[in-house]
Amino acid sequence: METRMTWDQIRKKYPGMWVRLEQVQWETEGSPDIASAVVAKSTKSRPTTQDLKDAMDGICAMEYIEESNIFHTGYITA
Amino acid sequence: MQQYTFKTSKSNTRPVIRIYENLSAVIDTGADIPVCSDANVLIERLGANEISIPGKVIETVGISGSVRGRIFRVKGFELGPLIYPELNFFVPDDPTMSSTFLLSASMFNGLICEVNFKDHYFRITLLDDEQTVRLVSFEKDGEHICWDVRKSE
């Protein structure tokens with residue numbers, strides 16, 4: 001069964017992963033921020049070309065969930 | 001004067017916008033070269049041709065070191081009011097990007113651009129004497145890439 005999740009729920013559940021999001025509800029028109037969506041697929045590897053083409057067509061959105069403790073160039077240590 | 005405004009992400013510290021429906025793109029003012037993570041998207045959807053020479057090593061140097069990849073030319077890339085008749089994209093051999101596209105500083109050379117981190121938008125202002133058609137050419141210098149940006153005539 002497809003479960004709609006909020007963006008915060010998605011971020012907590014899929015850190016460090018690419019997610020294919022369907023039935024996306026954006027926060028506002030034209031915003032890149034997602035309010036909620038259904039996660040159709042999650043993967044550690046990068047998106048397939050088809051996933052990206054679907055995103056270009058508005059069929060889905062492909063988002064990478066950054067792990068909150070990782071900077072672009074390294075790790076934060078305690 | 002003409003202005004075009006993209007909404008930027010509130011949940012991302014970087015200026016991330018949406019292009020082509022649901023693809024994310026980072027406005028990377030620290031980058032010289034537009035980058036795309038997927039060559040097939042450029043080829044199959046945007047009609048790009050590879051212009052790098054097979055077997056010839058192309059490298060760019062960024063904050064995380066040297067990256068190898070290939071160069072593809074897209075004809076007619078559009079971003080808001082801006083039209084790039086020919087825009088070259090670097091495609092890393094092993095992309096580790098969190099967005100499909102990085103839109104580089106060279107794409108906005110000579111323009112008034114505003115990244116507003118408080119109200120979350122990226123705004124391009126075109127003065128009356130500015131062209132919407134932008135030419136971004138490049139030339140290779142050894143194994144590295146140099147960029148020369150000029151307005152269309």
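Treat the numbers as computed from the prediction; the structure is a model and nothing was measured. Order of the sequence lines sets the chain letters (A, B, ...), proteins ahead of strands, with each chain counted from 1.
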Check each atom of B:Ile43 against the heavy atoms of chain A and say whether the ones under 4.5 Å are side chain, backbone, both or neither.
-> neither

Between the side chain of B:Arg18 and the main-chain N/O of A:Ser31, is any donor-acceptor distance below 3.5 Å?
-> yes

Under a single-linkage definition using a 4.5 Å side-chain heavy-atom cutoff for Ile, Leu, Val, Met, Phe, Trp and Tyr, are A:Ile59 and B:Leu46 assigned to the same hydrophobic cluster?
-> no

Compare all side-chain heavy atoms of A:Met56 with those of B:Asn22 and state whether any distance is below 4.5 angstrom.
-> no

Should B:Met107 and B:Val115 be counted in the same cluster of Ile, Leu, Val, Met, Phe, Trp and Tyr side chains packed under 4.5 Å apart?
-> yes

B:Pro95 side chain reached by A:Arg46 side chain, heavy atoms, under 4.5 Å = yes

Less than 4.5 Å apart, any side-chain heavy atom of A:Asp57 and any of B:Arg45?
-> yes

Between OG on residue B:Ser24 and CG on residue A:Asp33, distance to nearest 0.5 Å | 11.0 Å

Gap between atom CG of A:Leu52 and atom CZ of B:Phe101 - 0.5 Å precision = 8.5 Å

Interatomic distance, CH2@A:Trp7 vs OG@B:Ser9, rounded to 0.5 Å, equals 8.5 Å

For A:Gly58 and B:Glu21 the tightest heavy-atom approach is N-CB, 3.7 Å

A:Asp54, part contacting chain B, at a heavy-atom distance under 4.5 Å | neither

B:Leu23, A:Ile10: one ILVMFWY side-chain cluster at the under-4.5 Å cut-off?
-> no

Presence of salt bridge, B:Asp38 and A:Lys53, under 4.0 angstrom | no

Examine whether an atom of A:Glu27 lies under 4.5 Å from a heavy atom of chain B, and if so say whether it belongs to the side chain, the backbone or both; otherwise answer neither.
-> side chain

Is it the case that one hydrophobic cluster holds both B:Val91 and B:Tyr20, taking links as side-chain heavy atoms less than 4.5 Å apart, direct or via other members?
-> yes

Chain B: which of A:Thr48, A:Leu21, A:Thr49, A:Val24 shares the most heavy-atom pairs with it under 4.5 Å?
-> A:Thr49

One should read off an interatomic distance between B:Thr96 OG1 and A:Tyr64 OH, to the nearest 0.5 angstrom, of 9.0 Å

Can you tell me how far the OG atom of B:Ser11 sits from the CZ atom of A:Arg11, to the nearest 0.5 Å?
-> 5.5 Å

Quick one: what part of B:Thr8 sits under 4.5 Å from any heavy atom of chain A, side chain, backbone, both or neither?
-> backbone

Single-linkage hydrophobic cluster B:Leu82~B:Tyr4, side-chain heavy atoms < 4.5 angstrom | yes

Do side-chain atoms of B:Lys7 reach the backbone of A:Glu29 as a donor and acceptor pair under 3.5 angstrom?
-> yes

